[in-house]
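For this chain, numbers begin at 1 and follow the sequence in order.
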Amino acid sequence: VQLQASGGGLVQAGGSLRLSCAASGRTFGSYVMGWFRQAPGKEREFVATIRRSGGSTYYADSVKGRFTISRDNAKNTVYLQMNSLKPEDTAVYYCAAGPIGGSSDKVYDYWGQGTLVTVSS
């Protein structure tokens, strides 16, 4: 499966952005989807994951209550709604797909190219 992330940009602190990740192929619904991010000079970190049916989600503590992951299997797309953004949310955001999912990037087999989110103070 090929993943294409979009929706990044420059936003002021307190603002919102919605990231999208479009997947190719007819097997999107069979994958657990995740979002990760990598800030300059830091390792890639887990943000959120959503199960195949969209009925179960899991978030990093740093984004819980501010970010919402969702998916539309009919559109082969996963979303990340980001509210109350903070400067420390600045990073390149990556979507990923895998058979089992989780918070480790090692369990995801497919990765999008990343989209840059910059939050100004």
Side-chain angles (χ1 to χ4, degrees):
V1 61
Q2 292 184 322
L3 304 174
Q4 180 75 35
S6 62
L10 174 64
V11 63
Q12 289 188 331
S16 298
L17 279 176
R18 188 176 82 154
L19 306 183
S20 299
C21 176
S24 64
R26 296 177 290 179
T27 59
F28 176 76
S30 66
Y31 290 101
V32 176
M33 300 299 296
W35 284 97
F36 289 76
R37 66 185 182 186
Q38 187 167 20
K42 295 186 177 181
E43 294 186 353
R44 186 163 58 188
E45 65 174 1
F46 167 76
V47 175
T49 187
I50 186 167
R51 305 297 290 181
R52 295 174 185 80
S53 66
S56 179
T57 58
Y58 179 68
Y59 298 91
D61 288 342
S62 58
V63 306
K64 200 173 296 182
R66 300 187 298 122
F67 290 11
T68 302
I69 187 172
S70 62
R71 68 189 295 164
D72 185 336
N73 287 346
K75 295 182 178 180
N76 283 9
T77 302
V78 62
Y79 305 96
L80 185 68
Q81 178 66 44
M82 306 185 294
N83 299 329
S84 302
L85 283 162
K86 305 175 181 179
E88 51 263 44
D89 293 319
T90 295
V92 177
Y93 283 71
Y94 299 90
C95 56
I100 59 173
S103 59
S104 170
D105 59 1
K106 295 179 175 58
V107 301
Y108 292 88
D109 297 329
Y110 304 99
W111 291 83
Q113 85 290 359
T115 185
L116 176 62
V117 172
T118 304
V119 184
S120 63
S121 57

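- No more than 12 heavy atoms of other residues, nucleotides or ligands sit less than 6.0 Å from atom CD of Gln2.
- Under the salt bridge (Lys or Arg N to Asp or Glu O under 4.0 Å) criterion, Arg71 pairs with no residue, sequence neighbours left out.
- In this structure, Gln38 contributes its side chain and Ala91 its backbone to no donor-acceptor pair below 3.5 Å.
- For the pair Asn73 (side chain) and Arg52 (backbone), a donor-acceptor distance under 3.5 Å is present.
- For the side chain to side chain contact (heavy atoms under 4.5 Å, CB included) test, residues two or more places apart in sequence or in another chain that qualify with Thr68 are Tyr59, Gln81.
- The hydrophobic cluster containing Val117 also contains Val63, counting ILVMFWY residues as joined when their side-chain heavy atoms lie under 4.5 angstrom apart, directly or transitively.
- The minimum heavy-atom distance between Pro87 and Ala13, with the atom names listed, is CD-CB, 4.1 Å.
- Applying the salt bridge (Lys or Arg N to Asp or Glu O under 4.0 Å) rule to Arg44 yields the partners Asp105; only residues at least two apart in sequence or on another chain are considered.
- Of all heavy-atom pairs between Val78 and Phe28, the closest is N-CZ, 4.0 Å.
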Considering only distance and modelled atom types, tabulate donor-acceptor pairs under 3.5 Å from the side chains of residues 94-102, sequence neighbours left out.
none

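- In terms of the side chain to side chain contact (heavy atoms under 4.5 Å, CB included) criterion, residue partners of Thr118 (sequence neighbours excluded) are, by chain and number, Leu10, Thr90, Leu116.
- With sequence neighbours left out, the side chain to side chain donor-acceptor pair (under 3.5 Å) criterion links Ser16 to Asn83.
- Here the closest heavy-atom approach between residue Tyr93 and residue Leu19 is recorded as CB-CD1, 3.5 Å.
- Under the side chain to side chain donor-acceptor pair (under 3.5 Å) criterion, Tyr108 pairs with Thr49, not counting sequence neighbours.
- Val11 meets the side chain to side chain contact (heavy atoms under 4.5 Å, CB included) test with Leu17, Leu85, Val119; sequence neighbours excluded.
- The side chain to side chain contact (heavy atoms under 4.5 Å, CB included) test applied to Ser84 returns Arg66, not counting sequence neighbours.
- Under the side chain to side chain donor-acceptor pair (under 3.5 Å) criterion, Glu45 pairs with Arg37, not counting sequence neighbours.
- Scanning both residues, Tyr58 and Ser103, for their nearest heavy atoms gives CE2-CB, 4.4 Å.
- In this view, Lys64 and Asp61 satisfy the salt bridge (Lys or Arg N to Asp or Glu O under 4.0 Å) rule, not counting sequence neighbours.
- Annotation: disulfide bond (SG atoms under 2.5 Å apart) contacts involving residues 41-74, sequence neighbours excluded, are absent.
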